Amino acid sequence: MLEIQRIRQEKEAILAGLAKRNIDASQTIEDILETDQNWRSAKTQLDQVAAEMNQLARTIGELFKGGQQAEATALKEKTSVLKTQEAELKVQVNAFEESLQSLLYTLPNVPNELVVQGREAEDNQNIFEAGSIPQFGFEAQPHWDLAKKYKLIDFELGVKVTGAGFPFYRGKGARLQRALIQFFLDEAIAAGYEEFISPHMVNEASGYGTGQLPDKEGQMYYVKEDDFYLIPTAEVPLTNIYRDVILPDGNFSIKMCGYTPCFRREAGSYGKDVRGLNRLHQFDKVEIVRVEHPDNTAKALDEMLEHVKNLLDKLELPYRILRLCGGDMGFASALTYDFEVYSAAQEKWLEVSSVSRFDTFQANRLKLRFKDDKKTTLCHTLNGSALALPRILASLLENHQTANGIQIPKALQAYTGFSVIE
RNA sequence: GGUGGGAUGGGUGAGUGGCUGAAACCAACAGUUUGCUAAACUGUCGUACGGGUAACUGUACCGCGAGUUCGAAUCUCGCUCCCACCGCCA
C-alpha cells in the first residue's frame with residue numbers, strides 16, 4: 001500500500017512509475033487526493049466539535065460539584081445539538097476513510113527506476129547468464145519420464161490419495177528432495193540468515209499483512225472451521241513476525257530463512273506448462289526474508305542475488321537472471337529479479353526463484369517501523385526464494401542425465417549420500 | 001469437548017464514572033556525581049491523525065464493536081483472543 005503522504009507529495013513521479021506497469025492511475029490518484037481532502041476537512045470539524053463537547057462536559061461536572069444544578073441542566077441541553085453534529089460528522093469521516101482505504105488498496109507499488117516499461121514476459125531484461133546448456137549424444141528425456149524410470153516421483157499415487165498437483169516423492173527422489181532442503185538451509189544459515197520453522201497456516205490478519213488479502217484469497221487454501229489459510233510461501237509467516245512492530249533504533253538488519261511446504265490453489269492452464277513438476281499445488285521451498293533500513297535495501301538485494309547465484313552455481317545448472325518489466329512484476333514489488341534454469345529436455349527456461357524488494361509497500365500494511373531520532377519511519381522488506389524445489393529437481397534430472405543414470409552435483413553428494421541415480 | 005480466569009503503555013501492574021493518556025515499580029535513554037565498573041540522584045520516556053514554518057495545539061485509542069451518560073479504562077450488551085485445570089490425543 002502506498003503512503004498517502006507520498007501520493008500528496010509525489011503525484012507525478014508515481015504516475016510516471018505506474019505507467020511502466022501500463023497503468024494509467026491518474027483518475028485514481030485524483031479520487032484519492034479529493035477523498036483525502038474531504039476526509040481531512042471533515043476530520044478537522046469533527047475534532048473541533050469533540051473539543052467543544054469535552055470542554056462542556058468538564059464545565060458541567062464542575063457546576064454539579066458546586067451545587068449549581070440549574071446552570072448545569074441548561075448546559076446539558078446545548079450538548080444535545082453538538083451530539084447530533086458529532087454523529088453526522090463521524091459518519092462522514094468514516095465513509096471518507098473507507099473509500100480512501102479501498103482506493104489505496106487498488107494501487108500497486110511504484111516500480112524502481114531500473115524497471116523498464118513492458119507488457120509481458122518477452123519484455124523482461126536478460127541481465128545475466130551462467131553455465132552452459134548440456135549437449136547429449138542421445139535424446140534427452142523430460143523429468144517426468146526420468147522420475148518414472150528411476151522411481152523418484154509418483155504422480156498417479158498423489159492423484160489417488162489427494163489429487164493432481166500433490167505428488168509423492170519416493171526412495172532416492174525423497175532423499176534428493178530432503179538433501180536439497182538441507183543444502184539450501186545450510187547455505188542460508190552460513191550467509192547469516194536465522195532459520196525458522198514456522199506455522200504452515202496463518203490467520204486472516206497475516207494474510208492482509210503481506211498482501212494476499214484482500215483479493216487473492218482464491219489462490220490460497222482456506223480452512224473454514226478455524227478461519228486459517230494454508231501458506232502459499234514462507235514469506236507470509238516470516239514477514240508477519242514483524243507486523244505491528246516498531247524497532248527501537250535505526251541500526252538493524254534482519255535476515256530470516258525458513259523451509260516450508262507451499263500451498264497454491266492456482267486455477268489454471270493445461271498442457272505441457274503444468275506437466276510433471278512444472279506447477280504443483282503443494283511444493284517445497286526455502287525462502288529468505290529481510291527487513292532493512294531504507295539506506296541498506298539496494299545492498300541487501302545485491303547480496304540476495306549473489307546468494308541465489310551461488311546456489312545455482314553449486315548445483316551446476318545453467319541459468320539466467322531477468323529483471324522483470326513493469327507489466328510482469330508482482331503487485332507489491334518495486335523491483336524483481338527472476339532466476340530461470342534451463343531445462344534441457346523440455347528445452348525451455350523454468351522460473352526457480354523470484355527475488356524482490358518491496359520498499360515500504362509491505363511495511364506500510366504491516367505497520368513495521370523503526371525509531372530514529374524520535375521519528376518513526378517505515379522499514380523496507382525484501383524476500384526471495386532460495387530456492388523453490390520442484391523445478392530445481394526437474395532441471396537437475398534433465399540436465400544431469402546420462403546414458404547410465406543421473407549424476408548428482410558434487411555440492412549435493414554429501415547430503416544425498418549417493419553420487420548417481422541408476 | 002467441559003469448567004474457571006483474564007485482556008491497561010516495552011515489561012510487571014494499580015486504577016469502579018469527571019482532576020486519568022493513565023499511579024507505582026522495572027527496563028530504556030539523557031544528565032549529575034564517580035579513578036573505572038557499580039550505586040545514588042535528576043530528567044525524558046506510547047501510537048495515529050488533524051491544524052501550525054515552528055514552539056505548540058486539538059482529537060482518537062486502556063482486546064474489538066455497539067450502548068447508557070453532560071462525561072466511560074471504569075457501567076450494560078455482543079464478539080474475539082489468551083491463560084489455567086479436566087477430558088481426548090501425536
Side-chain angles (χ1 to χ4, degrees), chain A residues 1-9 32-105 197 199-209 213-214 222-229 237 240-252 254 261 291 360 363-379:
Chain A
M1 192 165 64
L2 295 176
E3 301 130 86
I4 183 71
Q5 298 89 330
R6 185 168 165 204
I7 296 176
R8 285 184 205 140
Q9 287 159 17
I32 286 175
L33 290 174
E34 192 190 327
T35 310
D36 179 50
Q37 194 54 53
N38 290 336
W39 174 78
R40 280 200 278 176
S41 88
K43 164 85 170 144
T44 305
Q45 288 178 56
L46 175 63
D47 282 358
Q48 280 164 0
V49 171
E52 226 175 301
M53 286 177 65
N54 286 341
Q55 184 53 48
L56 216 50
R58 246 168 274 150
T59 316
I60 291 172
E62 270 157 40
L63 287 175
F64 270 125
K65 236 172 234 169
Q68 297 166 275
Q69 302 287 341
E71 288 87 339
T73 316
L75 278 184
K76 268 200 207 175
E77 275 166 37
K78 236 176 125 180
T79 56
S80 71
V81 181
L82 288 173
K83 237 186 185 175
T84 15
Q85 270 185 39
E86 191 202 24
E88 281 164 15
L89 284 166
K90 241 183 202 160
V91 171
Q92 281 185 37
V93 168
N94 286 341
F96 286 134
E97 218 163 72
E98 253 171 59
S99 47
L100 186 60
Q101 191 69 13
S102 50
L103 281 168
L104 285 171
Y105 272 141
I197 295 180
H200 297 166
M201 297 187 218
V202 295
N203 57 28
E204 196 181 22
S206 294
Y208 276 92
L213 301 174
Y222 175 58
V223 181
K224 196 174 163 206
E225 289 279 298
D226 297 287
D227 204 13
F228 290 151
Y229 295 86
N240 271 284
I241 291 173
Y242 286 92
R243 170 154 50 82
D244 289 320
V245 166
I246 299 178
L247 299 166
D249 64 82
N251 188 18
F252 64 92
I254 294 160
V291 178
T360 58
N364 190 30
R365 273 210 198 179
L366 289 162
K367 300 208 186 72
L368 165 54
R369 293 155 292 176
F370 65 95
K371 243 196 175 104
D372 216 1
D373 296 330
K374 301 248 172 193
K375 276 203 318 197
T376 48
T377 312
L378 290 170
C379 299

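Just so it is clear, the values below take in all heavy atoms, side chains as well, and ignore hydrogens, waters and symmetry mates. Since the model is a prediction, treat every value here as computed from it, not as a measurement.
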Do the side-chain N or O atoms of A:T79 get closer than 4.0 angstrom to the phosphate oxygens (OP1, OP2) of B:U69? no

Polar side-chain atom of A:T59 near backbone of A:Q55 as donor-acceptor pair, under 3.5 Å: yes

Does a sphere of radius 6.0 Å around CG in A:N251 hold more than 12 heavy atoms from other residues, nucleotides or ligands, not counting ones at 6.0 Å or beyond? no

Rounding to an integer number of angstrom, what distance separates B:G50 and B:A55 when you compare their P atoms? 16 Å

Could you check whether A:D47 and A:T44, counting side-chain N and O atoms only, form a donor-acceptor pair closer than 3.5 Å? no

In whole Å, I'd like the distance from the CE atom of A:M1 to the C1' atom of B:A48. 13 Å

For RNA chain B, which residues in residues 35-60 of chain A have a heavy atom at a distance below 4.0 Å? A:W39, A:R40, A:K43, A:T44, A:D47, A:A50, A:A51, A:N54, A:A57, A:I60

Taking only side-chain N and O atoms of A:K371, does any of them lie within less than 4.0 angstrom of OP1 or OP2 on B:C45? no

Below 4.0 angstrom, which residues in residues 85-98 of chain A have at least one non-hydrogen atom near RNA chain B? none

Heavy atoms from other residues, nucleotides or ligands near CD of A:Q5 exceed 12 (cutoff 6.0 Å): yes

Whenever both distances are under 3.5 Å in a Watson-Crick or G-U wobble pair, mark it; put RNA chain B into dot-bracket that way, with [ ] for crossing pairs and | when the partner is on another strand. (((((((..(((.....[.....))).(((((.......))))).((((((....)))))).(((((..]....))))))))))))....

Euclidean distance for C1', B:U74 against B:U8 (whole angstrom): 11 Å

When the P atoms of B:G10 and B:C81 are compared, how many Å lie between them, rounded to an integer? 23 Å

Can you check the A:K76 NZ to B:U68 C1' distance for me, whole Å? 13 Å

Between A:Y222 and A:D227: side-chain donor-acceptor atoms closer than 3.5 Å: yes

Please measure how far the P atom in B:G13 lies from the corresponding atom in B:G17, and state the result in whole Å. 23 Å

To the nearest Å, give me how far apart NZ (A:K78) and P (B:U69) are. 21 Å

Heavy atoms under 4.0 Å, any strand shown: does A:T73 hit a base, just sugar-phosphate, or nothing? nothing

RNA chain B: A:I4 or A:D226, which has the more 5' nearest nucleotide? A:I4

Would you name the heavy atoms of A:P199 and A:P237 that are closest together and state the gap between them? O-CG, 3.9 Å

Taking B:A23 as the reference, what is the distance to B:C45 when you measure between their P atoms (whole Å, please)? 11 Å

Take atom P in B:A22 and the same atom in B:G9, then report the distance between them in whole Å. 14 Å

Nearest-angstrom distance, C1' atom, B:C62 to B:G6: 15 Å

Between B:A7 and B:G58, how far is it from one P atom to the other, in whole Å? 31 Å

Measure from the side chain of A:R369, starting at C-beta and using heavy atoms only, and say which of B:U69, B:G18, B:U47 lies closest. B:U47

Work out which heavy atom in A:R365 is nearest to a heavy atom in A:G209; give both atom names and the distance. CB-O, 3.8 Å

How many whole angstroms separate atom CZ of A:F370 from atom C1' of B:U47? 17 Å

